[in-house]
Amino acid sequence: MNTKSILQISFIFSFLTVIVGAFLKIEHYPYAHLTIIVGLLFHLIFLIAGIFEVSKSKKIEVSEKFMWTVGFIFFGSVAGLVYLLSARKRIV
């Protein structure tokens, strides 16, 4: 499996499982917390793969690598969505 597919699959699964888990938690269904934890684990996989991909890139400067790393850590989903939809083509 390449990094692109890991990034896309983990982002989609994290997004969907956290949304479903939040809905289940609001409705007080069983295993809601487990669903959210699984979503957060997928999100952690996405963050690690994204940071790894950015750090290994030879097309961008160190300052932009730092910016993407900080973005992934503090604004995970938003930075991840921007990265997947527009910036990844330029960075990889």
Side-chain angles (χ1 to χ4, degrees):
M1 226 181 214
N2 60 8
T3 310
K4 180 180 180 182
S5 61
I6 291 173
L7 279 170
Q8 291 174 340
I9 291 170
S10 62
F11 183 78
I12 291 169
F13 280 147
S14 71
F15 184 78
L16 292 176
T17 54
V18 168
I19 295 294
V20 168
F23 174 75
L24 295 175
K25 193 77 167 167
I26 289 170
E27 295 294 323
H28 302 289
Y29 287 122
Y31 305 111
H33 63 283
L34 182 63
T35 308
I36 292 174
I37 290 171
V38 168
L40 292 176
L41 290 175
F42 275 118
H43 189 71
L44 183 64
I45 292 168
F46 170 74
L47 291 178
I48 291 169
I51 291 171
F52 180 75
E53 189 173 89
V54 167
S55 69
K56 295 297 177 186
S57 175
K58 302 214 184 304
K59 294 183 178 181
I60 58 176
E61 300 289 327
V62 175
S63 60
E64 190 173 358
K65 288 179 184 182
F66 178 73
M67 181 208 54
W68 278 111
T69 303
V70 169
F72 275 125
I73 292 170
F74 291 109
F75 307 106
S77 296
V78 175
L81 192 59
V82 170
Y83 180 73
L84 282 177
L85 294 179
S86 64
R88 190 172 188 281
K89 294 173 237 162
R90 181 178 57 82
I91 293 174
V92 175

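Computed from a prediction, not measured in an experiment: that's the story for all the values here.
- Taking CD1 from I19 and CD1 from I36, the interatomic distance works out to 10.0 Å, rounded to the nearest 0.5 Å.
- Scanning all heavy atoms of the two residues, the minimum distance from I6 to A49 falls at CG2-CB, 4.1 Å.
- In this structure, K59 contributes its side chain and V92 its backbone to a donor-acceptor pair below 3.5 Å.
- To the nearest 0.5 Å, atom CZ of residue F11 and atom NE2 of residue H43 are 8.0 Å apart.
- Annotation: salt bridge (charged side-chain N to carboxylate O under 4.0 Å, His left out) contacts involving residues 26-48, sequence neighbours excluded, are absent.
- Sequence neighbours left out, the pairs with a member in residues 23-42 that pass ring-ring contact (aromatic ring centres under 6.0 Å, His included) are F13-F42.
- Here the CG atom belonging to L24 is positioned 10.5 Å from the CG atom belonging to L34, to the nearest 0.5 angstrom.
- Judged as a salt bridge (charged side-chain N to carboxylate O under 4.0 Å, His left out), not a single pair has a partner in residues 39-48 (not counting sequence neighbours).
- Nearest approach of G39 to S14, heavy atoms of both residues: O-CB, 3.4 Å.
- Listed by chain and number, the hydrophobic cluster partners of L41 are I37, where partners are ILVMFWY side chains within reach of under 4.5 Å, directly or through others.
- If you take NZ on K58 and CD1 on I91, they are separated by 14.5 Å, rounding to the nearest 0.5 Å.
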Counting only pairs under 3.5 Å, give me each side-chain donor-acceptor contact of residues 60-70, with atom names and distances, residues two or more places apart or in other chains.
residue: E64; atom: OE1; partner: R90; partner atom: NH1; Å: 3.4
residue: E64; atom: OE2; partner: W68; partner atom: NE1; Å: 3.4
residue: E64; atom: OE2; partner: R90; partner atom: NH1; Å: 3.0
residue: E64; atom: OE2; partner: R90; partner atom: NH2; Å: 2.5
residue: K65; atom: NZ; partner: S55; partner atom: O; Å: 3.4
residue: K65; atom: NZ; partner: S57; partner atom: O; Å: 2.7
residue: T69; atom: OG1; partner: K65; partner atom: O; Å: 2.8

Sequence neighbours excluded and cut-off under 3.5 Å, please list the side-chain donor-acceptor pairs for residues 71-84, or say none.
residue: Y83; atom: OH; partner: E53; partner atom: OE1; Å: 2.3

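- Among all heavy-atom pairs drawn from V18 and L40, the shortest one is CG2-N, 4.1 Å.
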